[in-house]
Amino acid sequence: MRRDYIDTGYSPKDTDLICEFHIEPSAGVNFEEAATHMAGESSIDSWTEISTLSPELAARLKPHVFYVDEDAQTVRVAYSEELFELGSVPQVLSAVAGNILSMKVVDNLRLQDIAFPGSMLNEFKGPKFGLPGIRELTGVQDRPLIGTIVKPKVGLTSEKHAEVAYKSFAGGCDLVKDDENLTDQKFNSFEKRAELTLKLAEKAESETGERKMYLCNITAPTCKEMIRRMNILKDLGASYAMIDIVPAGWTALQTLREEADDAELALHAHRCMHSAYTRNPRHGISMLVVAKLCRLIGLDQLHIGTVVGKMHGEKHEVLSLRDECVLDNVPADESQHVLAQDWGRLKPMFPVASGGLAPTMIPDLYAIFGRDVIMQFGGGIHAHPMGTAAGATACRQALEATLEGVSLQEYAKNHRELEVAVDKWLKK
Ligand SMILES: O=C(COP(=O)(O)O)[C@H](O)[C@H](O)COP(=O)(O)O
Ligand SMILES: [Mg+2]
């Protein structure tokens, strides 16, 4: 292992890929030793001196640990772009989030953020629709979008699934999605579900005069099957496809983005399983990195948390995720371990807030996110005492009240569905 990776006098080149790590050395290992091993193992080196690593090669490709803050247990590393297959997310992760997470010299190690150089951004398509394109597609320009997830998560027949989706659309939802664990089960085959639900989405469109988007889950055992399902949606006239990004994997996402380009399908990124590596603030990979990789590859909308719902995610973290989705230029924020990122030509993604939400939380959600958010209510719609359609209507009424600056209680006086939702969910 070379000893010259710590290099606080180094100023990163514009073409360098920069990573910020949280690093906790194991007992008996000093901080710089751990950082040195981490830098070497994530680039060109091994655990011991290797005769095959010539000084010339090392000088060209060695990483530079240019920022070291032992008190904050934080280092930043600049990597030459030559170390990477510029258009490959899997290869980047194999380098900067691969072996190093397993090393004995650290007790904990977390990849907090990656700042991508322009040379890498140019290798990726980014979102095809993105936030502006989704507003175009749905015809909803000046308010948050309201979505639901058909519940129960799984178990309904295709006919029943389509019926629940129709009621959600008719009641006022802009989007209806499959749940993350519904793909192609015997009780509800992908093809039958897609066909029946898209037909009823169309019916709801003609009845309501509003665009109605069905997000069918194309997560599949192989990329070939995923693409076949995507093409079925395209042939059925769908506008969207949904994918479980973590179980499906990064190669699948890059394949999907390539194939979806001609299919003109907006891509909804469900992030189930992300907590396997994002939840521990001391070890793993941050959700910020996941979000940035999704924008780089080109998903159009991404779950980022709710602050007020059932899933973990503090407000500052959720807002950092929101900014990374929507801003063209993200400023550095040391307190949140966010590196500066210029997104160049890559479009913004639509943030999605979902998980444990009830219609009565809409004022809080709007206060947190503003207009550019997709608010998704699963139980919050399908547990409404008057049924699914009323649950969706209660969400639209709560949103109308919020946008008009009227309290829910006031607005509920002449909006029955909201009144029932307030009785059920507003903390007394
Ligand atoms: O089905 C739901 C929410 O259903 P419900 O509204 O009934 O809780 C989603 O899978 C979660 O939002 C995922 O969490 P996250 O959005 O944090 O990834
Ligand atoms: Mg779900």
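Along the sequence shown, residues are numbered consecutively beginning with 1. What you are looking at is a predicted structure, and each value in this text was computed from that prediction instead of being measured. Atoms within each ligand, like the ligands themselves, are counted from 1 in listed order.
Listed for the His64 side chain is no donor-acceptor partner under 3.5 Å among the backbone atoms of Phe66. For Asp16 (side chain) and Ile18 (main-chain N/O), no donor-acceptor pair under 3.5 Å exists by modelled atom type. Of the possible donor and acceptor atoms, one in the side chain of Thr393 sits under 3.5 Å from a partner among the backbone N and O of Gly171. No donor-acceptor pair closer than 3.5 Å links the side chain of His268 to the backbone N or O of Asn217. Using modelled atom types, no side-chain atom of Arg211 and backbone atom of Gly139 make a donor-acceptor pair closer than 3.5 Å.
For atom 18 (O) of ligand 1, the closest non-hydrogen atom on the protein side is Arg271 NE, 2.9 Å. Nearest protein heavy-atom contact of atom 11 (C) of ligand 1 is Ser354 OG, 3.8 Å. Here the protein heavy atom with the shortest distance to atom 1 (O) of ligand 1 is Lys151 NZ, 2.8 Å. For atom 14 (O) of ligand 1, the closest non-hydrogen atom on the protein side is Met311 CE, 3.3 Å. For atom 9 (C) of ligand 1, the nearest protein heavy atom (residue, atom name, distance) is His270 NE2, 3.6 Å.
From Leu256, atom CG reaches atom CG of Leu299 across 7.5 Å, with rounding to the nearest 0.5 Å. A distance of 11.0 Å separates CD1 in Ile304 from CG in Leu288, rounded to the nearest 0.5 Å.
Near Gly379, the atoms of ligand 1 lying under 4.0 angstrom from a non-hydrogen atom of the residue are 5 (P), 6 (O), 7 (O). Under a 4.0 Å criterion applied to the non-hydrogen atoms of His303, ligand 1 contributes the atoms 15 (P), 16 (O), 18 (O). If you number the atoms of ligand 1 from 1 as listed, the ones under 4.0 Å from a heavy atom of Asp179 come out as 1 (O), 10 (O). Taking a cut-off of under 4.0 Å to the non-hydrogen atoms of Gly356, the atoms of ligand 1 that pass are 5 (P), 6 (O), 8 (O). Atoms of ligand 1 found under 4.0 Å from any heavy atom of Lys310, numbered from 1 in the order shown, are 4 (O), 5 (P), 8 (O).
Taking any N or O of Lys177, backbone or side chain, none lies under 3.5 Å from an N or O belonging to ligand 1. For a threshold of 3.5 Å applied to N or O pairs, the pair formed by Gly355 and ligand 1 contains at least one separation below that value. Below 3.5 Å of separation, one finds an N or O of Gly378 facing an N or O of ligand 1.
Across Glu41 and Asn99, no two heavy atoms sit closer than the pair OE2-ND2, 2.9 Å. Smallest separation of non-hydrogen atoms from Lys128 and Asp300: N-OD1, 3.4 Å.
Taking the Mg ion (ligand 2) as the corner point, the angle from Asp179 atom OD1 to Glu180 atom OE1 is about 80° (rounded to 10 degrees).
Residue contacts with ligand 1 for Glu180 involve side-chain atoms from C-beta outward but no N, CA, C or O (heavy atoms, distance under 4.0 Å).
Heavy atoms of His382 come nearer than 4.0 angstrom to ligand 1 in no pair at all. Every heavy atom of Lys153 sits 4.0 Å or more from the atoms of ligand 1.
Ser286 and His337 are not linked by any side-chain donor-acceptor pair at a separation below 3.5 angstrom, with hydrogens and angles left out of the test.
A distance of 6.0 Å or more separates the ring centres of His283 and His22.
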